[in-house]
Q: 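Okay, here's the structure, questions in a sec.
Both backbone and side-chain heavy atoms feed into the values below; hydrogens, waters and symmetry mates do not. Order of the sequence lines sets the chain letters (A, B, ...), proteins ahead of strands, with each chain counted from 1.
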There are 2 protein chains.
Amino acid sequence: MTQPIPLFNANCNECGLKKLCFPLGLEKSEVLRLDALVKRKPALQKGDILFRSGQPFQAVYAVKAGGFKVFTQHASGEDKLIGFYLPGDILGVDALSTDEHVSTAVAMDTSTVCEIPFKDLEQLSLQLPTLNRQLLSIMSKELSDERMHAEFLARKSAEERLALFILWLSQRQARRGFNDESFRIGLLHRDVALYLGLTPETVSRVLAKFSEEGLVEWRQKHLTIHHRARLDALANHQEEGVCGRIAG
Amino acid sequence: MTQPIPLFNANCNECGLKKLCFPLGLEKSEVLRLDALVKRKPALQKGDILFRSGQPFQAVYAVKAGGFKVFTQHASGEDKLIGFYLPGDILGVDALSTDEHVSTAVAMDTSTVCEIPFKDLEQLSLQLPTLNRQLLSIMSKELSDERMHAEFLARKSAEERLALFILWLSQRQARRGFNDESFRIGLLHRDVALYLGLTPETVSRVLAKFSEEGLVEWRQKHLTIHHRARLDALANHQEEGVCGRIAG
DNA sequence: TATTTTTATTGATTGTAATCAAGAAGCGCT
DNA sequence: AGCGCTTCTTGATTACAATCAATAAAAATA
C-alpha cells in the first residue's frame with residue numbers, strides 16, 4: 001500500500017502503463033491491432049530468466065509488474081550489470097541487429113511481462129507510422145539510459161556516482177507516476193556496485209555516510225530521499241556544504 | 001598512402017561506404033530513392049561544428065571522410081566525450097526522441113558528411129521495409145557502442161581500460177576494411193582520458209608503459225599494435241605475463 | 001622561421017577506493 | 001521458529017590513479 005499500483009488489464013487500451021509503452025500516441029483502433037499481437041505471459045518468480053544471452057531474438061517484452069536485472073555474461077567469468085527494467089520499460093531491443101540476445105534478463109521480484117513478437121511488431125509498424133516512430137523512440141530512450149550509465153561511471157568519486165544514481169532512480173519513479181521520495185528498489189548492494197563500477201563495501205560506506213548526514217535512507221530495499229537539494233549538489237560536485245554537517 | 005581511402009561519389013550506389021550505411025541490403029532502385037534525399041555538404045574543417053546541443057533535430061549525418069568527436073555540454077562546466085564517429089558511422093540519431101540535439105559534434109579533421117533529412121528518411125523507410133530495418137539496426141549499433149563505452153568505464157584499472165579501448169579502435173578499423181594493426185587516430189590524450197574516465201597524465205603513463213613493453217606504439221596520432229595477444233590478455237585481466245617483461 | 005599556444009611527459013605527493021578479513025544482520029528454507 | 005546461507009557492515013591496510021607542478025615537445029600562428 002505504500003505505492004500506487006497501476007492497473008494492468010488484458011488489453012492495451014486499458015493498461016495503466018500504455019503511456020510509457022508502445023501504444024503511446026496511437027488511436028484506439030490502432031491500439032487494438034497492436035493488442036492482437038501481444039502475448040501475456042504467466043508471472044515469473046524472483047530469479048527466473050526471461051531471456052538468456054545467445055538465445056535467438058524473437059520478441060520484445062514490456063514490463064508490467066516487478067522488474068528485471070540485465071547482465072552480460074563476460075568471458076572472464078565476471079558479469080556486468082547492464083541495466084534494470086521497471087514497469088513500463090521495454091526489454092530486448094538490444095538484440096535487434098544481431099538476431100541473438102546479447103544479455104540475460106533475470107526477474108528481481110515476482111514479475112509479469114507482455115511479449116510482443118518482433119516480426120509482427122515490425123510489420124505492423126510499417127502500417128502505423130506512429131508505432132514505427134514509437135519503436136524508434138524506445139530505442140532512443142534505451143540509448144539515453146545507456147548514456148546515463150556511462151555518465152555514472154565516468155564520475156570519479158563514489159559519492160557522486162551514488163548521489164547521481166539515486167536521483168536517477170527517483171526520476172524514473174516520477175516518470176511512472178510513483179512516489180519519487182520514498183520507494184522500493186529491489187537491488188542488492190552488489191548489483192548497485194556492479195552497475196556503478198564500485199565494490200559493495202564502498203556502496204555500503206557511502207550509503208552509511210549519506211544516512212548519517214540525513215541525505216537519504218536506504219535500508220532493506222526501501223529508499224527514502226530526505227534532502228534532494230544537497231544530494232543534487234553532491235551529484236554535480238558543486239562542493240558548497242557538501243561534506244559539512246548541514247547547510248541550513 | 002598509409003591507409004586505403006574508400007571511394008566516395010556523388011551517389012550512394014557507388015559509395016565505398018554503402019555497406020556500412022543506410023543502403024545496406026537495399027536494391028539498386030531503392031538506393032536511388034534514398035540517394036534523392038541525401039544532401040552532400042561541403043567539407044568541414046577541423047574544429048567546425050556539425051550540430052550543437054539544443055539545436056532542433058532535423059537530419060542525421062553519415063560520415064564520409066574525417067571524423068567527429070561528440071560531447072555533451074554539462075551544466076557543471078565539464079564536458080563529457082560521448083563518442084567519436086568515423087567514416088561509415090551515422091551521427092545524430094540520439095536526438096530522435098527529444099527533437100533536439102542533446103550533444104555537440106565537432107570535426108576532428110577535415111571531414112565530409114552526407115546529410116539526410118530525418119522526416120524524409122522516416123517517410124521513405126515506411127515504404128522500404130529493409131531501410132526501416134537498417135535504421136533500427138543503426139540505432140541498435142549505437143546502443144551497443146554505448147554499452148562498450150560503459151564497459152570501458154566499468155573496468156577498474158587504467159591499463160585494462162586503455163588496452164580494451166585500443167583493441168576496440170582496431171576492431172572499428174577492421175570493420176571498415178582498413179588496416180587494423182597500424183592506423184591514424186586523431187584523438188588527443190585529453191579526449192581519450194575524458195572518454196575513459198581517466199586523466200591525461202594517466203593516459204600518458206600507461207601508453208609509455210605499453211610502449212616500453214612492446215605492446216603498442218601511439219605517437220602523434222598514429223597507433224600501431226605490436227602484440228595483440230598480450231594486449232588482449234591485459235584487457236581481460238587474465239594476468240599471466242601481463243606485467244612481466246615479455247612472455248616469449 | 002620565429003613565436004606563442006597547446007599538448008605531452010615526467011616526478012612527487014596525496015587521497016580515495018579496492019582489498020582482505022571478520023562479525024552482524026537479514027532472508028529463505030524446511 | 002530455527003537453521004544455514006547470503007548479504008551487509010565495519011575496520012585495517014594497500015594499491016592505484018588523481019592532483020599539483022614544472023619541463024619538454026608539438027602545433028598553430030604570424
Q: Can you build the contact string for nucleotides 20-30 of chain D? Use B for base contact, S for sugar-phosphate-only contact, and - for no protein heavy atom under 4.0 Å.
A: B-----SSS--
Q: Can you tell me how far P of C:dT6 sits from CG of B:L188, to the nearest Å?
A: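 Between P of C:dT6 and CG of B:L188: 12 Å.
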Q: Could you tell me whether A:G47 contacts a base, only the sugar-phosphate backbone, or nothing, with contacts defined as non-hydrogen atoms closer than 4.0 Å?
A: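 Result for A:G47 = nothing.
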Q: Using whole Å, report how far CG of A:L187 lies from C1' of D:dC8.
A: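 Distance, rounded to whole Å: 15 Å.
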Q: Using atom CG of B:L162 as one end and atom P of D:dA17 as the other, report the distance to the nearest whole Å.
A: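 Rounded to the whole Å, the gap is 10 Å.
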Q: Rounded to the nearest angstrom, tell me the gap between atom CG in B:L234 and atom C1' in D:dC16.
A: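 Going from CG in B:L234 over to C1' in D:dC16 covers 15 Å.
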Q: Residues two or more places apart in sequence or in another chain: which of them pass salt bridge (charged side-chain N to carboxylate O under 4.0 Å, His left out) with B:E217?
A: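 Partners of B:E217 by the salt bridge (charged side-chain N to carboxylate O under 4.0 Å, His left out) criterion, ordered by chain and then number, come out as B:R219.
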Q: Side chains of B:S170 and B:R228: is there a donor and an acceptor less than 3.5 Å apart?
A: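 Yes, side-chain donor-acceptor contact under 3.5 Å.
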Q: Please determine, for the side chain of A:K156, which listed nucleotide (C:dT7, D:dC8, D:dA18) has the closest atom?
A: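 Between C:dT7, D:dC8, D:dA18, the one nearest the side chain of A:K156 would be D:dA18.
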Q: Between C:dA8, C:dA17, D:dC8, which one does the side chain of B:H189 approach most closely?
A: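 The answer is C:dA8, which lies nearest to the side chain.
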Q: Between A:S103 and A:D94, does any side-chain donor sit less than 3.5 Å from a side-chain acceptor?
A: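 A:S103 vs A:D94: donor-acceptor pair found between side chains.
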Q: Does a side-chain N or O of B:T199 approach OP1 or OP2 of D:dA18 to a distance below 4.0 Å, or not?
A: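 Affirmative; the distance criterion is met.
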Q: Given A:R172 and A:D180, is the salt bridge (charged side-chain N to carboxylate O under 4.0 Å, His left out) satisfied, shown in steps?
A: CA-CA 8 Å; A:R172 286 180 73 164; A:D180 66 345; over 6 Å; no
Q: Counting side-chain heavy atoms from C-beta on, which of D:dA17, C:dT9, D:dC8 comes nearest to B:S204?
A: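 Nearest nucleotide to the side chain: C:dT9.
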Q: When the aromatic ring centroids of A:Y195 and A:F84 are compared, is their separation below 6.0 Å?
A: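 Close enough - the centres of the two rings lie under 6.0 Å apart.
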Q: Would you mind reading off the distance between B:L196 atom CG and D:dA18 atom P, rounded to a whole angstrom?
A: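 Roughly 11 Å, once rounded to whole Å.
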Q: Roughly how many Å is it from NZ in B:K209 to P in C:dT9, rounded to a whole number?
A: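 Computing the B:K209:NZ to C:dT9:P distance gives 16 Å.
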Q: Would you mind reading off the distance between A:L194 atom CG and D:dC8 atom P, rounded to a whole angstrom?
A: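 My rounded result for the distance is 12 Å.
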Q: Does the side chain of A:T202 get closer than 4.0 angstrom to OP1 or OP2 of C:dA18 through an N or O atom?
A: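 Affirmative; the distance criterion is met.
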Q: Is any NZ, NE, NH1 or NH2 atom of the basic residue among A:R205 and A:E201 found under 4.0 Å from an Asp or Glu carboxylate oxygen of the other?
A: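 Looking at A:R205 and A:E201, the cut-off is not met.
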Q: What is the separation between atom NE2 on A:H222 and atom P on C:dA25, rounded to the nearest whole Å?
A: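 Interatomic distance, NE2 of A:H222 to P of C:dA25: 22 Å.
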Q: Considering all heavy atoms of both residues, which atom of B:E142 and which atom of B:I90 are nearest to each other, and what is their separation?
A: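 Smallest interatomic distance, heavy atoms only, reads OE2-O, 4.0 Å.
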